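To find a chain, count down the sequence lines: A is the first, B the second, and so on, and within it residues start at 1. Remember, it's a predicted structure, so these values are computed and weren't measured experimentally.
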Number of protein chains: 2
Amino acid sequence: MKEKELRRSLAVLPIGTVMKLTNLSARQIRYYEEQDLITPERNAGNRRMFSLNDVDRLLEIKDYLADGINMAGIKELYALQQQRAEQKQADLAKPLTDRDVRRILQDEFLNLGRLQSDKGPNYPAH
Amino acid sequence: MKEKELRRSLAVLPIGTVMKLTNLSARQIRYYEEQDLITPERNAGNRRMFSLNDVDRLLEIKDYLADGINMAGIKELYALQQQRAEQKQADLAKPLTDRDVRRILQDEFLNLGRLQSDKGPNYPAH
DNA sequence: AAAAACGTGTGATATTTTCTAACATGATTG
DNA sequence: CAATCATGTTAGAAAATATCACACGTTTTT
């Protein structure tokens, strides 16, 4: 699935194509960029070049706008989404620190203790 | 798989993008079109617009040329390939005519007859 | 060998596309 | 009502692309 993501993020489309694909005006597309909702690349001649991901996002933006959400709201949505993605990435990167390991082990011992002693008559099932 | 094919045949790329993607010069790309090896679409302003399939084909053409096949040869290859695709399509469209059915049945009967009589000592195995 | 055909590079010129920047505008919103 | 939002429109400049013609080194034909 890595190759596909690469393809989808390749900046190969000029604004004219994106206009047709999204039914947005050049003005709208540039404005959304100004609002940091998308960040198309630039080629050597300063022309904006868009990826399929950009097109997807523009279509999303259209939907959000149709739902009455304004630019600021959409930007906020993407910021949150971005944060969550980063967190997930970080979690994957270093799955367990030493502290995590110690904490987890300690928890297990605590549970062990609880299971073998201290079982009163109303000890919760399982 | 129909949606994917649609995407791959969408003419969305300008020649500049295709040049980068294929490492071919504009001259080469236009010449290959002149030789009917590709047929990019044109937008309202007469600019060539290419699909991902076009890019694939251009890369193929590059390979063929590197292998020493000339334009005419490549054109022939594609013509044959095209013919086979059409035939396959036709076969799928009307899988069996009445005549086919009768012929196939007759073949089976013939084979039956051969199996049950006429088996000499050297009858081929299977 | 001379001539012709191939595949490509290059240059000139015209047209189209895209860029930025500015001003305009109807619809909210404070 | 004044300000902000989201978009349209226009102007002028730069970039990308189109066609056409000529050049040129390599095969292929005659």
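- Listed by chain and number, the residues in a side chain to side chain contact (heavy atoms under 4.5 Å, CB included) with Glu34(A) are Tyr31(A) (sequence neighbours excluded).
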Quick one: side chains of residues 37-45 of chain A, donor-acceptor pairs under 3.5 Å with protein atoms, not counting sequence neighbours, listed by atom name and distance.
unit_1   : atom_1 : unit_2   : atom_2 : d
Arg42(A) : NH1    : Asn46(A) : O      : 3.0
Arg42(A) : NH1    : Asn46(A) : OD1    : 3.1
Asn43(A) : OD1    : Gly45(A) : N      : 2.9
Asn43(A) : OD1    : Asn46(A) : N      : 3.1
Asn43(A) : OD1    : Arg47(A) : N      : 2.8

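- Rounding to the nearest 0.5 Å gives a distance of 11.5 Å between CZ of Arg48(A) and CG of Asp54(A).
- For the atom pair Leu65(B) CG and Gln28(B) CD, the distance stands at 8.5 Å (nearest 0.5 Å).
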Strictly under 3.5 Å: I want the nitrogen or oxygen pairs between protein and nucleotides 28-30 of chain D, one per line.
none

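- The footprint of chain B on DNA chain C, defined by a heavy-atom cutoff below 4.0 Å, extends from dC6(C) to dT17(C).
- Partners of Arg57(A) according to the salt bridge (charged side-chain N to carboxylate O under 4.0 Å, His left out) rule, which considers only residues two or more places apart in sequence or in another chain, do not exist here.
- Contacts between residues 67-77 of chain A and DNA chain C, counted as heavy-atom distances below 4.0 Å, involve no residue at all.
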Would you mind building the protein contact string for nucleotides 14-20 of chain D? One character per nucleotide, 5' to 3', B for base within reach (heavy atoms under 4.0 Å), S for sugar-phosphate only, - for untouched. BSBBSB-
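- Distance Tyr31(B) OH to dA21(D) C1': 15 Å, rounded to the nearest Å.
- Transitive grouping of hydrophobic side chains (ILVMFWY, heavy atoms separated by less than 4.5 Å) brings Leu59(B) and Met71(B) into a common cluster.
- Counting heavy atoms from C-beta on, the side chains of Glu5(A) and Asn53(A) come closer than 4.5 Å.
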Identify all side-chain donor-acceptor contacts of residues 74-85 of chain A below 3.5 Å with residues at least two apart in sequence or on another chain.
unit_1   : atom_1 : unit_2   : atom_2 : d
Tyr78(A) : OH     : Glu60(A) : OE1    : 2.5
Gln82(A) : NE2    : Glu86(A) : OE2    : 3.1

If you look only at distance, which donor and acceptor atoms sit under 3.5 Å apart when one is on a side chain in residues 10-23 of chain A and the other is two or more places apart or in another chain?
unit_1   : atom_1 : unit_2   : atom_2 : d
Thr17(A) : OG1    : Val12(B) : O      : 2.9
Thr22(A) : OG1    : Val18(A) : O      : 2.7
Thr22(A) : OG1    : Leu24(A) : N      : 3.2

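- Arg8(B) meets the salt bridge (charged side-chain N to carboxylate O under 4.0 Å, His left out) test with Asp56(B); sequence neighbours excluded.
- In this structure, Arg30(B) has no side chain to side chain donor-acceptor pair (under 3.5 Å) partners at least two apart in sequence or on a different chain.
- Every side chain to side chain contact (heavy atoms under 4.5 Å, CB included) that Arg7(A) has, sequence neighbours left out, goes to Glu3(A).
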